[in-house]
Number of protein chains: 2
Amino acid sequence: MKFTEAQLEFIQLWGNFGSQWGINKTMAQVHALLLTSDEALSTDEIMETLGISRGGVNTNVRELIVWNLVYKSAKPGDRKEFFVAEKDIWEVAKRITRERQRREIEPLMHHLNRLKNVDEADPQSLNFVKTVGDIERLVGRMSSASDTLMKLEENTFFGTLIRKWK
Amino acid sequence: MKFTEAQLEFIQLWGNFGSQWGINKTMAQVHALLLTSDEALSTDEIMETLGISRGGVNTNVRELIVWNLVYKSAKPGDRKEFFVAEKDIWEVAKRITRERQRREIEPLMHHLNRLKNVDEADPQSLNFVKTVGDIERLVGRMSSASDTLMKLEENTFFGTLIRKWK
DNA sequence: TAAAACTTTCAATAATTACTGAAAGTTTTA
DNA sequence: TAAAACTTTCAGTAATTATTGAAAGTTTTA
């Protein structure tokens, strides 16, 4: 299997997977392309490879920069902007986790907590408060589990480094 | 805050959260409604509360049954079908995890693995194989972390039961 | 300073995804 | 057995979401 072929397949795969998890398909594809490119790419190169418009590249790349998954990078002697992706996958995972935590989990937790102030006189509130509380606990634990995993990976990676240095 | 008000707010919240994570909004809403209802509900009651069509209720309830989150339930003296949700949130989480594992993670892992058969002669393949391999490892570990969490919860729950019995 | 090179924005449009409702199908009743 | 009660299906339509592309904006060059 030729590299370019494999890369395009990976881009498709990552795009589909992303959209199943609520991430814009094109944004995931741009990310996949940059993740698997050794060199920094220009807007025109991204347009060309993915067959999307200039506006589309601009919007999606900028969003990836907001997520802290992609950086701008200048090439000497060229005044275009070039883009590179963070290549360390554990770092990528950490940043995605962090961003979703901030954007989605925290507001969710806040709302759930507020909903527990339901009129206790109503007999239906009993099950309701339990359910909402259980979801709160579940989401909280999933959050901290993924935190733990990220930290664990950090240590494992660090461990690998140390082993290499010895 | 009145119960009904809180329940409707929860339904909205869960619907929005679901759609941010790739789950059909209406399906999440039906789920939220059943989760927070003490009694089993008929198609007409769901239509009424959520303001959606008969076809919509039918499709979404059936999908929830496939996910093993909702059961049919008969009421004596009534020939309509009624629906109840599984109320144990850890069980719910386990079943959603199981289903997404089967539908999304497994195929993803399979494809990623296949992509590692890229022509090694191409110098770009080096980074590519590393990236794909790292993603494989990451996804694998996240999977087993969530497994572990579910099992842990099972034990915690069991522990609570035991404590109560003593 | 103004033209060239490049980036950004966003209204219009396209693509995707979800929902409706009525007809067809099924089960129950009498 | 046929009418009533109920469930399912799915073509058509609506709602949502994503994309284009050209005009406006910005930066650089000479």
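Excluded from the calculations below are hydrogen atoms, water molecules and symmetry mates; all remaining heavy atoms, backbone and side chain alike, are included. Chain letters run A, B, ... following the sequence lines, proteins first, then strands; residues in each count from 1.
Distance from the side chain of B:K80 is smallest to D:dC6 among D:dC6, D:dA18, D:dT27. Side-chain proximity of B:T59 to the nucleotides C:dC19, D:dT9, D:dA18 is greatest for D:dT9. Closest contact between the side chain of A:E81 and the listed nucleotides D:dT7, C:dT28, C:dT7 involves C:dT7. Distance from the side chain of A:R54 is smallest for C:dT7 among the nucleotides D:dT7, D:dT19, C:dT7. Listed nucleotides: D:dT19, C:dC6, C:dT28. Nearest to the side chain of A:T26: D:dT19. Closest contact between the side chain of A:S53 and the listed nucleotides C:dA18, D:dT27, D:dT20 involves D:dT20.
To the nearest angstrom, P of D:dT8 lies 14 Å from CE of B:M47. In this structure, A:I52 places its CD1 atom 18 Å from P of C:dA14, rounding to the nearest Å. For the pair A:N60 CG and D:dT20 C1', the interatomic distance rounds to 12 Å; values are reported in whole Å. We find that CG of B:D44 is positioned 13 Å from P of D:dT8, with the value rounded to whole Å. At whole-Å resolution of the value, CD1 in B:I46 and P in D:dT8 are 12 Å apart. As rounded to whole Å, 16 Å separates atom C1' of C:dA18 from atom CD1 of B:I23. A straight line from CG of B:N16 to P of D:dT16 spans 11 Å, rounded to a whole angstrom. Straight-line distance from the CG atom of B:N24 to the P atom of D:dA15: 16 Å, rounded to whole Å.
Counting only N and O atoms by type, the side chains of A:R54 and A:N58 include no donor and acceptor under 3.5 Å apart.
In this structure, C:dT20 and D:dA11 make a Watson-Crick or G-U wobble pair, each of the two defining distances being under 3.5 angstrom. Both distances falling under 3.5 Å, in either a Watson-Crick or a G-U wobble arrangement, place D:dT20 opposite C:dA11. Pairing partner, D:dT28: C:dA3, with both Watson-Crick or wobble hydrogen-bond distances short of 3.5 Å.
Remark on DNA chain C: of its neighbouring residues B:G56 and A:T43, the 5'-side contact belongs to A:T43, judged by nearest-heavy-atom nucleotide.
Judged by distance alone, with hydrogens and angles left aside, the side-chain atoms of A:Q20 form no donor-acceptor pair with the main-chain N or O of B:E104 at under 3.5 Å. A donor-acceptor pair under 3.5 Å is absent between the side-chain atoms of B:E63 and the main chain of B:M27, judged by distance alone.
A close approach under 4.0 Å does occur between a side-chain nitrogen or oxygen of A:R62 and OP1 or OP2 of C:dT9. Phosphate contact (OP1/OP2 of D:dT7, side-chain N/O of B:N58, threshold under 4.0 Å): absent.
Among the heavy atoms of the strands, none lies under 4.0 Å from B:G22.
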### Message
Let's go through B:L34 and B:L69 carefully: what are the C-alpha distance in whole Å and the side-chain angles of both, what is the deciding distance for side chain to side chain contact (heavy atoms under 4.5 Å, CB included) to 0.1 Å, and is it a yes or a no?
### Response
CA-CA 10 Å; B:L34 291 173; B:L69 301 173; over 6 Å; no
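Relative orientation of the A:W21 and A:F17 rings is tilted, given thresholds of 30° and 60° on the angle between their planes.
Classification of A:R102 and A:E106 as a salt-bridged pair fails, no side-chain N sitting under 4.0 Å from a carboxylate O.
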